[in-house]
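What follows is a short report on a single structure.
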Amino acid sequence: MLAAKLTTILNIHLTANQAKQTHACIIINGLNSLKPLLVRQILLSTRNSSRRISQYVHNILYHLPHPDSFSWGWAIRYFSQQGQFKEALYLYVQMQRQGSCPSTFAVSSALRAYARTTHKMGGMSIHAESYKYGFSNCVYVQTALVDLYSKLGDMNTAQKVFDELAEKNVVSWNSILSGHLKSGNLMEAQRVFDQISKKDVISWNSMISGYAKIGDMDRACALFQQMPEKNYSSWNALISGYINCGDMKSAWRFFDTMPARNSVSWITMITGYSKCGDVDSASKLFDQIAKKDLLTFNAMISCFAQNSQPRKALQLFGEMLKAYANIQPDQMTLASVVSACSQLGDMRFASWIESYVNDLGTDIDDQLATALLDLYAKCGSVDKACELFHGLNKKDVVAYSAMISGCGINGKVGDAIKLFDMMVDAQIHPNLATFTGLLTACNHAGLVEEGYRFFSSMKDHGLVPSIDHYAIMVDLLGRAGRLQDAYELIKSMPMQPHSGVWGALLLACSVHNNVELGEIAAEHCFALETNATAYYSLLANIYSSAGRWDDVRRLRKLWKENKLVKLSGCSWTEST
DNA sequence: CTAGGGTTAG
C-alpha cells in the first residue's frame, strides 16, 4: 500500500527536499526496492551538481545491499555528464567491486569520463571489458570508444573501431571526424565530412571550426554560407576563427549581424578584444550585455586579470558577488581572481580563497591550482607552490612556466632549469612566458652564459623574443659588467626598444660607472619617458662617481627646468 | 526509464 503510494510519488517531479522526505520514508519502512527510483529522481531533480548531492547519492548506493545496474547507470551517467569525471569513474570501480555487471549505459558514460580526462589506460581496460560483456555491437559503446581514441590522438585504433561498427550514425561519424580534426588532418576530415549522408549541425560546425582554427577562413566561410541551418555555435566558430587570425574587424562584422547572441558569442568577442589588449572595447561590450551570467562575468574578469588590471578584476568580482547573489563563482572565476591577487602580490586572499573553495564544495581543478601555485610562488611560499604543482593531473605550459618563474624569483635557479629540462623532455612546448621566467631566474642568479644560451635557444622553439626578453637580457649582461655586449644587443633588436630596455642599460652603467654608454642610454630614456626623474638621478650618479661635477650641475639645471619632482620610492607589493 | 559527437574563459 505504502510502497505503491511512494512509487507514484517517485514517478512525478520532486524537489530536492521532497526527495529527502521520501528517502526518510523509505528508510523507516525498509523499502529498499524503491531506492533505485529514488536515485533516479534525485538525479533528475538536480540541475547543477554539488558535493552534497554526490555525497547523498553515494550514501544511498552504499547502503543498498546490492544496487542494481539501473541505479549505477543513472549515477555514473549523471556525474559523467556533469563533468565530475572522478566521481563517475569512482562509482564505476565501486560497481565492479560489488560484482555488478555493467550496463551499456554505465560503460559508455565511463568511457566518456576517460575520454574527457584523456586517461589512456583506463579507457583501454574498458575497451577490453566491452568485448568480454559482448558490447561490441552496441553503437553507443563503440562510438564512445571511437571518441576515446580520437581524443587520445590514436587515430589508427579509432579508425579500426569505427570500421568495425556495423551501423554508423551521425554521432559515430562526428566522432571520427573530430578525431581527424584534432590531429590536424584536414584532408582526411574533409573526406569523412563528404561521406556523411545525414550531416547535422555538429558535423557542419566541427568542420567550420576545424578550418577556422588553422586560419583557413575562406573555406570556413564558404561552409558557413552553405550550411542549411545555423545555430549560435556556427556563428561563434566563424567569429572565433577571425579572432584567431587577429581580424577583429571581420569578427565584429559577423557578431554584429548575428540574429541573436548567446553567452559564448559575447565571451568570444570579449576574449578576442582581451587578447589584443583592447580592454576598453571589451569593457564596452560587456556593459551592453543585458543578461550577464557566470560565463560573461568570467570573461570580463579574466580580461582585466590578463591585461594587468588586477584591481578592476577584483572590483568586478566584488560587483558580481554583490549584485548577482544568485551567481556562484566557479573555478574559472576564482582562477582569474587568484591571478589578479598574485599580480598585486596580495597574500591575504590566498588563504581566504582556499577556505572559500572549501565552502563552495567545488574541487580545485588544474587551472585554479595553477593560479594558486603562481600566487604562492610569487609570495615566497615555494614549498606550497611545489606541492600544488606535483598534485596537478596534467602539467601544461602555464603550470611549468609559473613554477619556473616561481623558482627563479625565490632564488632556486637550479630547480628552474631542471623544470625547464623536464618540460622539454615531456614534449611540452615552452612559450614566451616560460622564457621570461627562465631568463628572470638566470638574471636573478647572475648566470650570464646560461641565460644567453636560453635566449639564443628561443628560435629553436619557434619563438621570437619579445621586447621584455631583450630587457631581461640587457639587464643580465649589464649587471655582469658586459655593457658593450648589452649595447650591441639593443642595437640588434628588430623592434624599437622601450624605456625599460634603455633603463636597464643605464642602471648597469651606473653600477659599473660607464659614462659613455650611460649618456647614450639616458638620452634614449629621456626621449621615451616623460616622467624621467629616476633616469636623471641615475645619470647624475654616473657623473658624480666619475668626478664630472660640471656635468652633474648641467644636469641638475636641466632637471629643474623640466620641473621634475623626485618621486618617493614605492613597492610593487600592495600596501596593507 | 539513462548513454556517444562540437563551440568556451586562466
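Residue numbering restarts at 1 for every chain, and letters A, B, ... go by the order of the sequence lines. Values reported hereafter were calculated over all heavy atoms of this structure, with side chains retained and with hydrogens, waters and symmetry mates removed.
If you measure from atom CD1 of Ile76(A) to atom P of dG4(B), you get 12 Å, rounded to the nearest angstrom. In this entry the distance linking CG of Asn169(A) with P of dA3(B) reads 14 Å, nearest Å. The distance between atom CG of Asn231(A) and atom P of dT8(B), rounded to the nearest whole Å, is 13 Å. Following rounding to the nearest Å, Phe297(A) (CZ) and dA9(B) (P) show an atom-to-atom distance of 18 Å. Between Ile202(A) atom CD1 and dG6(B) atom C1' there is a gap of 5 Å when expressed in whole angstrom units. Taking atom CD1 on Ile243(A) and atom P on dT8(B), their separation rounds to 10 Å, with Å as the unit. The distance between atom CG of Asp200(A) and atom P of dG6(B), rounded to the nearest whole Å, is 12 Å. Protein atom CH2 of Trp72(A) is 16 Å distant from nucleotide atom C1' of dT2(B), rounded to whole Å.
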In residues 212-227 of chain A, what donor-acceptor pairs under 3.5 Å come from side-chain atoms, sequence neighbours left out?
from: Asp216(A); atom 1: OD1; to: Arg219(A); atom 2: N; distance (Å): 3.3
from: Asp216(A); atom 1: OD2; to: Arg219(A); atom 2: NH1; distance (Å): 3.2

Throw together a table of side-chain donor-acceptor distances under 3.5 angstrom for residues 385-395 of chain A, partners on residues two or more places apart or in other chains.
none

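Across all strands, Ser172(A) comes closer than 4.0 Å to base atoms (heavy-atom distances). Residue Val139(A) is in base contact, counting any heavy-atom pair closer than 4.0 Å across all strands shown. Val171(A) comes within contact range of at least one nucleobase, with a heavy-atom separation under 4.0 Å. Within 4.0 Å (heavy atoms only), Lys213(A) reaches sugar-phosphate atoms of the nucleic acid but no base atom. The residue Gln81(A) sits close only to the backbone: its heavy atoms come under 4.0 Å of sugar-phosphate atoms, none of a base. Nucleic acid contact class of Asn262(A) (heavy atoms, under 4.0 Å, all strands): none. Among the heavy atoms of the strands, none lies under 4.0 Å from Lys168(A). Nucleic acid contact for Tyr232(A): none, since no nucleic acid atom lies under 4.0 Å from a heavy atom of the residue. Residue contacts shown for Thr271(A) are limited to sugar-phosphate atoms, with no base heavy atom under 4.0 Å away.
Between dG10(B), dG6(B), dT8(B), one nucleotide has an atom nearer to the side chain of Ser178(A) than all others, and that is dG6(B). When distances run from any side-chain atom of Gln306(A) to the nucleotides dG10(B), dC1(B), dA3(B), the shortest one goes to dG10(B). Among dT2(B), dG10(B), dG6(B), the nucleotide with an atom closest to any side-chain atom of Ser233(A) is dG6(B). The side chain of Leu295(A) approaches dT8(B) more closely than any other nucleotide in the set dT8(B), dT2(B), dG6(B).
Side-chain atoms of Asn298(A) stay outside donor-acceptor range of the base of dG10(B), with no qualifying N/O pair under 3.5 Å. Taking only distance into account, the side chain of Ser336(A) never meets the base of dG10(B) through a donor-acceptor pair shorter than 3.5 Å. Donor-acceptor pairing under 3.5 Å, judged by distance alone, is absent between the side chain of Ser302(A) and the base of dA9(B). With hydrogens and angles left out, the side chain of Thr143(A) and the base of dG4(B) share a donor-acceptor pair within 3.5 Å.
The side-chain hydrogen bond (donor to acceptor under 3.5 Å, both in side chains) pairs that include a residue from residues 143-153 of chain A are His127(A)-Tyr149(A), Thr143(A)-Ser172(A), Asp147(A)-Lys151(A), where partners are two or more places apart or lie in different chains. For the salt bridge (Lys or Arg N to Asp or Glu O under 4.0 Å) condition, no pair includes a residue of residues 283-304 of chain A, sequence neighbours left out. Evaluation of the salt bridge (Lys or Arg N to Asp or Glu O under 4.0 Å) test over residues 155-177 of chain A, restricted to residues two or more places apart or in two chains, returns none.
Counting heavy atoms of neighbouring residues, nucleotides and ligands inside a 6.0 Å radius, atom OH of Tyr90(A) does not exceed 12 of them.
Trp252(A) and Phe255(A) have tilted rings, their planes meeting at an angle from 30° to 60° on a 0 to 90° scale.
Put simply, Lys275(A) has no side-chain N or O that comes within less than 4.0 Å of OP1 or OP2 on dT8(B). Regarding contacts with the backbone of dG10(B), every side-chain N or O of Thr370(A) stays at 4.0 angstrom or more from both OP1 and OP2. Between Arg112(A) and dT2(B), a side-chain N or O to OP1/OP2 separation shorter than 4.0 Å is absent.
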- Task: Decide ring pair (Phe, Tyr, Trp, His ring centres under 6.0 Å) for Phe297(A) and Tyr324(A); before the verdict, give the C-alpha distance in whole Å, the side-chain angles of both, and the deciding distance to 0.1 Å.
- Result: CA-CA 10 Å; Phe297(A) 267 110; Tyr324(A) 297 81; 5.0 Å; yes

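To the nearest 0.5 Å, the span separating CZ on Phe70(A) from CH2 on Trp74(A) amounts to 6.5 Å.
Annotation: proximity of residues 279-293 of chain A to DNA chain B (heavy atom, distance under 4.0 Å) is found for no residue.
Stacking here means ring centres nearer than 5.5 Å and ring planes tilted less than 30 degrees, and by that measure Tyr140(A) does not stack onto dG4(B).
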